[in-house]
Amino acid sequence: MSIRLGDIAPDFEQDSSEGRIRFHEWLGDSWGVLFSHPADFTPVCTTELGFTAKLKDQFAQRNVKAIALSVDPVDSHIKWIDDINETQSTAVNFPILADADRKVSELYDLIHPNANDTLTVRSLFVIDPNKKVRLTITYPASTGRNFNEILRVIDSLQLTDEHKVATPANWQDGDEVVIVPSLKDEEEIQRRFPKGYRAVKPYLRLTPQPNR
């Protein structure tokens with residue numbers, strides 16, 4: 001099953017390091033970041049989970065819940081969390097799904113046979129409060145994720161959901177944004193963007209970022 005942008009994120013019930021989780025119920029009205037790991041006690045994943053734990057306040061500011069997945073069982077996760085906390089100088093503060101039966105991995109198409117026919121790839125999904133998939137990224141097992149980029153995309157998604165704008169290349173929170181081409185009415189533009197805009201081309205209009 002291939003998951004595309006705009007699809008409803010598949011719901012599931014699965015054990016985790018923090019008990020049984022019913023995914024949609026657990027998400028509630030929050031945004032979610034679901035990300036998979038090839039296996040417990042792997043070096044790159046250990047650094048990723050530690051870094052995610054350190055982002056707790058940043059995720060909270062954005063109304064985001066993080067949840068990881070590995071195909072190993074809960075007792076293995078608990079031992080791995082001890083290693084993560086020790087080596088990364090943090091405390092894991094989010095659940096790790098125990099997907100020994102591959103149920104969630106199959107729902108989210110996380111096993112790519114041409115990469116490895118037993119271990120999950122390093123995929124990540126950003127899911128909005130309506131349970132829609134808004135971002136998918138898949139990395140090879142050898143490459144750790146850039147969680148600063150994940151935060152940047154969430155900032156963009158939340159901003160562009162609220163305002164009729166898009167974010168240009170390399171945009172960071174606070175930079176200029178693009179007025180969407182479909183917005184033509186000048187009165188509405190002035191109302192929405194009181195700081196004005198500059199038209200580089202008729203279809204490329206840049207304006208200071210609206211308040212989030």
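- Between L206 and V178, the closest side-chain pair of non-hydrogen atoms falls below 4.5 Å.
- In this structure, K103 has no salt bridge (Lys or Arg N to Asp or Glu O under 4.0 Å) partners at least two apart in sequence or on a different chain.
- Note that CG of D40 and CD1 of I96 are 7.0 Å apart. Values are rounded to the nearest 0.5 Å.
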Next on the checklist: side-chain contact (heavy atoms from CB on, under 4.5 Å), that's the test. Do R205 and F193 meet it? Break it down for me.
Outcome noted: CA-CA 11 Å; R205 299 168 296 175; F193 310 108; over 6 Å; no
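- I3 has its side chain out of reach of D109: every pair of non-hydrogen atoms, C-beta onward, lies at least 4.5 Å apart.
- Residues S17 and V74 approach most closely at CA-CG1, 4.4 Å, considering heavy atoms.
- Checked against side-chain hydrogen bond (donor to acceptor under 3.5 Å, both in side chains), T207 has no partners two or more places apart in sequence or in another chain.
- Of the candidates I150, T136, T138, V153, I150 is the only one forming a side chain to side chain contact (heavy atoms under 4.5 Å, CB included) with L124.
- Residues passing the ring-ring contact (aromatic ring centres under 6.0 Å, His included) test with F147 are F35, sequence neighbours excluded.
- By the criterion of side-chain heavy atoms lying less than 4.5 angstrom apart, applied directly or through intervening Ile, Leu, Val, Met, Phe, Trp or Tyr residues, L69 is grouped together with F12 in one hydrophobic cluster.
- Not counting sequence neighbours, D83 has no partner by the side-chain hydrogen bond (donor to acceptor under 3.5 Å, both in side chains) test.
- In plain terms, the two heavy atoms of N85 and A91 that are nearest each other are OD1-CA, 3.1 Å.
- The distance from atom NZ of K164 to atom CD1 of I179, rounded to the nearest 0.5 Å, is 11.5 Å.
- Of the candidates L159, V64, L135, V64 is the only one forming a side chain to side chain contact (heavy atoms under 4.5 Å, CB included) with I154.
- Every residue meeting the salt bridge (Lys or Arg N to Asp or Glu O under 4.0 Å) condition with R134, not counting sequence neighbours, appears here in chain and number order: D128, D161.
- When all heavy atoms of T90 and A53 are compared, the closest pair comes out as OG1-CB, 3.5 Å.
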Next on the checklist: Before you tell me yes or no, could you show the steps for Y108 and S36 under side-chain contact (heavy atoms from CB on, under 4.5 Å), namely the whole-Å CA-CA distance, both residues' side-chain angles and the distance that decides it to 0.1 Å?
Outcome noted: CA-CA 10 Å; Y108 282 80; S36 59; over 6 Å; no
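- Nearest heavy-atom pair across E162 and N211 is OE2-O, 4.3 Å.
- H77 and D72 are not linked by any side-chain donor-acceptor pair at a separation below 3.5 angstrom, with hydrogens and angles left out of the test.
- Looking at residues two or more places apart in sequence or on another chain, you find no salt bridge (Lys or Arg N to Asp or Glu O under 4.0 Å) involving D175.
- Look at E188 and R192 and you find a salt bridge, because one of the NZ, NE, NH1 or NH2 atoms lies within 4.0 Å of a carboxylate O, short of that distance.
- The backbone N or O of V133 sits nowhere less than 3.5 Å from a side-chain atom of R4 that would complete a donor-acceptor pair.
- For the pair Q209 (side chain) and V177 (backbone), a donor-acceptor distance under 3.5 Å is absent.
- Taking CG from N63 and OG from S30, the interatomic distance works out to 4.0 Å, rounded to the nearest 0.5 Å.
- For the atom pair I84 CD1 and K79 NZ, the distance stands at 14.5 Å (nearest 0.5 Å).
- With rounding to the nearest 0.5 Å, the separation of CD1 in I81 from CG in L49 is 8.0 Å.
- Panel note: side chain K131, backbone P129; a donor-acceptor pair is recorded below 3.5 Å.
- For Q88, the side-chain hydrogen bond (donor to acceptor under 3.5 Å, both in side chains) criterion is met by no residue, not counting sequence neighbours.
- Summarising the geometry of Y139 relative to I137, their closest heavy-atom pair is CE1-CG2, 3.2 Å, with the distance given to 0.1 Å.
- Here the shortest heavy-atom pairing between C45 and P38 reads SG-CD, 3.5 Å.
- For the pair R145 and F51, the minimum side-chain heavy-atom distance is 4.5 Å or more.
- How far CG of L55 is from CG of N148: 7.0 Å, rounded to the nearest 0.5 Å.
- Among residue pairs with one or both ends in residues 176-185, those qualifying as salt bridge (charged side-chain N to carboxylate O under 4.0 Å, His left out) are E176-R198; sequence neighbours excluded.
- Screening residues 52-68 for salt bridge (charged side-chain N to carboxylate O under 4.0 Å, His left out) gives R62-D155 as the qualifying pairs, with residues at least two apart or on separate chains.
- In terms of the salt bridge (Lys or Arg N to Asp or Glu O under 4.0 Å) criterion, E86 has no residue partners (sequence neighbours excluded).
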Name the atoms and distances for all side-chain donor-acceptor pairs under 3.5 Å in residues 19-28, with sequence neighbours left out.
from: R20; atom 1: NE; to: E13; atom 2: OE2; distance (Å): 3.3
from: R20; atom 1: NH1; to: D15; atom 2: OD1; distance (Å): 3.0
from: R20; atom 1: NH1; to: D15; atom 2: OD2; distance (Å): 3.4
from: H24; atom 1: NE2; to: A9; atom 2: O; distance (Å): 2.7

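- With hydrogens and angles ignored, the 3.5 Å screen pairs no side-chain donor or acceptor of T143 with any backbone N or O of P140.
- With sequence neighbours excluded, the residues forming a side-chain hydrogen bond (donor to acceptor under 3.5 Å, both in side chains) with T46 are W80, listed by chain and number.
- Counting only heavy atoms from C-beta outward, the side chains of V33 and F94 never approach each other to under 4.5 Å.
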